[in-house]
Amino acid sequence: MPIEFKGNHAMFLDIVTVEEAETLLEWLQKKPTAKVNLADCVHLHPANLQVLMAAKPVIKAWPKDAGLRSWLESALLE
Amino acid sequence: MNPLLEQFLSEARDFLQGISEKLMELENAPGDAAMMNELFRLVHTLKGNSGLFDFPEMTRVLHAGEDLMDVVRNGRVAYSQLLADRLLDAMDFVGMLCDEVESDGVMGKTHGTDAARLGASLRELMQADDGQAPDQASGQAPGKPGAPDVATAVESKEPDPEASAQLPLAAIPETARMEAYRRARAGDPLHWLVYTPSEQCFYQGDDPFFLVRQTPELLWGGIEARDPWSPLAELDAYACLLDFSLLTAAPRAALEEHYRYVADQIRLIPVARLALVLPQGDTNGGPVYDDFLSDALELLRAGDLDGLARNAGTMLELSNPDLWIASALRWLRLVLETEPETEPESPAVLDALLESLRTFEPPAWDGVGAVAAEGSTQRDDVATLSAEEAEALEAVVATQRTILSQTDNPDWLPGRIQSVAAALSGCLRVCGDSAALPGLDAATGDALEANSGAALLAWLDARFPAMAPVLAEAGAEHPSVSPQLPTESAPAPSEAPPAAAQATPAPEGESGGVKFGRRAEDAIAGPKSLKVDQTKIDRLMNLIGEMVVAKNGLPYLAGRAEDVFGVRELSRDIKGHYAVINRIAEEMQDAIMQVRMMPVSFVFQRFPRLVRDISRKLGKDVHLVMEGEDTEADKNIIEALGDPLVHIVRNSLDHGFESPEVRAAAGKPVAGTLTLRATQESDRVVIEIKDDGKGIDPDVIKHKAYTKGLIDEATLERISDQEAVNLVFAAGLSTAETVSDLSGRGVGMDVVRSAVEKVNGAMTLTSVLGQGTQLRLSVPLSMAVTNVMIVVSDDQSFGVPMDTVVETVRVPQSAIRTIKRSLATVLRGRIVPLKSINTLLGIQAQHKANADDELAVLVVRLGDETLGLLVDDFRETVDIILKPMTGVLASLSAYSGSALMGDGSVLMVLNVKEIL
């Protein structure tokens, strides 16, 4: 499972594929106070990114991968 | 290159040829709907085919063409010359791609832009023409729709400071911008890339984010939402609403290659290096820096760049790094570091930076551009003229000319000259031609001295002879200028009458610049395969047949040389020569046969789809296994097999296989297996169609046949199971309970059998109830050469096709019995009826027995029975080219044809089935 949901925490692991977007969206719809940990994420499909951008959860940790982090910051930091 | 690609290329050429022919024909008859449909079909098919391969560029162009043809076909856009031109261009492009693929095996990677441009130019016609008269559209074309293309194409090659300034570069962090600046200084091209993926792209399995992350030489990238997000509850995660923008130092070609699948969704804008120099931060704490500024300006004037760098460094250490001023200083330092001292634009750049330090405004690079252009070899920072600006410039220059041409000599003449000089120097600066300023100054001085405008006018005429040449000249002196000028402005608007431009619509390509080098006059690269009319091959076949016959005459000749003329030597020579000719003729025959050979995959290839469709329809689960698809046979044979095989497969699916539930109940695997196997057995091709279905119940068949009146009661009792199964070949028998659209009409297997027999094929059917049915079709490899056995009766030779011959035996006269009126004998315990060939053919002669009082009996197969033919003697078997009987002889069914023998005699080949 590329995303681990624990309480209102979501851990993104490795590569998060397009299939996860639906689950993620449903989860975020239920958890308005969701927190997301991207530290171990290597790549995520833009469908997931869109969901994050729209839901604006708290980002607990940014990816360790500097390239990915810079991309995500441009989208999620506003 | 794989065979599929090979075939695609050869077909693509035919299609392209067809398309251009149709386009030409349509020019003469634009209203021909049928032809338009045909054209659409061609483009459509070609597009579909190209989709099988990894040729996105080709498919894109063809897709645009197809869409365009579709609207034309539906009458929403009228056919026009321009449309034909663009389509032909597009097809030339496709042809060029085909050439490339053929010669290199792959397509060049750099065609993305061309493809996008062609696609856009085709699509443009679709919209532009909507609701407009075609002539209007074609009139507009060269001016309006063509020009923007050109402008973008040209402008996007070189960075345009103005365009760069409009990019949201400030969003990029300073460190990334600085890195980019360094890269640009080192000579790398900078590009701003905006990628707007289509909303549906997730469904096509695309990951645009991954694509952009893999961008070569990526310096910075950002993601933005296209629209404000809809509430979370209504959000569609799978509609891509993201825009990606990024800064890269990769060359244009590399980017185009990377994005070649989405070439129509990206925008590439070259970025001028200086546009990156944007100090950012808190603008507090201004006045303290005044001292530094004045010092710095002084140092700059004095050319002490090292000193300036030192000062800036100190200042930077003292400043809060978040301040705007600190950011500006960092840039100042970077510019100082990277800027070679010899670079003439440095002072201007630094000047502008210092100026911005004072004003807290972003540096104004416009001025720098003009100065930098002075003697600069750098292309990055040169001012460009838009069409409007060029026009304005021309107007200004023309006015100055008028003023100078005035012949009156008022007191204020010096003032007038000075004002003209000022205006002209402004013009020179604008077009980046500062090098000419000293010349202007000198001319002004001369003019003031002489108190006459003549000197200045002379200079003006020399510098700006007329507007159009002026720009050309400017371009010549500064190569950087001319490519940036939109081509529109090259012919001065006032000089080129717009009417003329509209009257003769120039072909798009002329202004479009890029041609694909395939016009009628080009030498056509010969394709590797030929399409030959089958009649030509047939003629070759006939000729080689005659050759074989003529060649076979040589041994007779040798025999005559020896026997009649008694020259043994000559006879031996002739025989030797015969061997040579024989070898060549055989090879030739083989080669010609090869030409006609086709793999059975030609008929097999339709089955996967057929089986899938039909089994779905019937709710059955059938697995198709095909083997030996590359077994080859003569084209006629293969083609003749197509329909019978389809019929057999359908029958098998419909009657043979049980439904999955029945199969499961019977303990069989739920999925049935249908096996199609082709093998070659000596000179015959054997095709087996085997299913593991329920098999044929002989009792059912027997009763069906009986109720339909196909067999009588006696036969019903007597018939064996195998014979009963073979009754399915009888005309009018159907085992299906109900008539479906698939089978059950009773016109099945008998038709199949006769079709197979027509090509001298044979069929055998075996079936085990509950286990499956197997059909074996055996057809000759080729029909061209027939192997016959020669038999002699009453000194006449006859041919009997070898495939009917079972054996040759000699039967003692005493072993021949007469049962009722027919003759018969016992061969290995079986009674074999005998017929005399003399009686059958009406020859009034008795059969000759040999010395041992034995008669020659040729045992032939007739369906399932064997029968003996009484003849006088057997001769050799020969390969002959069987010529069917023609003319009045055609009605003689006793003979299937005739053949010419080597000694010139004619051999009649018996049709055994008919005479018995």
Between the main-chain N or O of A225(B) and the side-chain N or O of Q50(A), is there a donor-acceptor pair closer than 3.5 Å? no
Under 4.5 Å from any heavy atom of chain B - which part of L68(A): both
Per ring pair (Phe, Tyr, Trp, His ring centres under 6.0 Å), H45(A) is matched among F210(B), F202(B), F209(B) by F202(B)
Minimal non-hydrogen separation, S74(A) against G221(B), with atom names: OG-O, 3.8 Å
Top contributor to chain A interface from A239(B), P231(B), S230(B), C201(B) [non-hydrogen pairs under 4.5 Å]: A239(B)
Between CD1 on residue I223(B) and CG on residue L49(A), distance to nearest 0.5 Å: 4.5 Å
Please lay out, stage by stage, how Y238(B) and L25(A) fare under the test side chain to side chain contact (heavy atoms under 4.5 Å, CB included). CA-CA 11 Å; Y238(B) 294 118; L25(A) 178 61; over 6 Å; no
Using a cut-off of under 4.5 Å for heavy-atom pairs, which of L44(A), L72(A), N48(A) has the most such pairs with chain B? L44(A)
Please look at L24(A) and chain B and tell me whether the side chain, the backbone, both or neither of the residue comes under 4.5 angstrom of a heavy atom of that chain. neither
Which distance, rounded to the nearest 0.5 Å, do you find between the CG of L28(A) and the CG of L235(B)? 10.0 Å
Under a 4.5 Å heavy-atom cut-off, does chain A meet the side chain of A176(B), its backbone, both or neither? neither
Does atom CZ of R226(B) have more than 12 heavy-atom neighbours from other groups under 6.0 Å away? yes
Using every non-hydrogen atom in the two residues, find where P208(B) and P46(A) come nearest and quote the distance to one decimal. CD-CG, 3.6 Å
Do D207(B) and V18(A) have side chains that get closer than 4.5 Å, going by heavy atoms? no
About how many Å separate CD of E234(B) and CD of Q29(A), when rounded to the nearest 0.5 Å? 10.0 Å
Counting only heavy atoms not in R267(B), do more than 12 fall under 6.0 Å of its CZ? no
Is there a side chain to side chain contact (heavy atoms under 4.5 Å, CB included) between D65(A) and R213(B) once you walk through the steps? CA-CA 12 Å; D65(A) 178 332; R213(B) 285 189 70 189; 3.1 Å; yes
Side chain to side chain, W229(B) and V51(A), heavy atoms closer than 4.5 Å: no
Quick one: pull up OG in S70(A) and CG in L218(B) and give me the separation to the nearest 0.5 Å. 7.5 Å
At what distance, to the nearest 0.5 angstrom, does CG of L232(B) lie from NZ of K30(A)? 12.0 Å
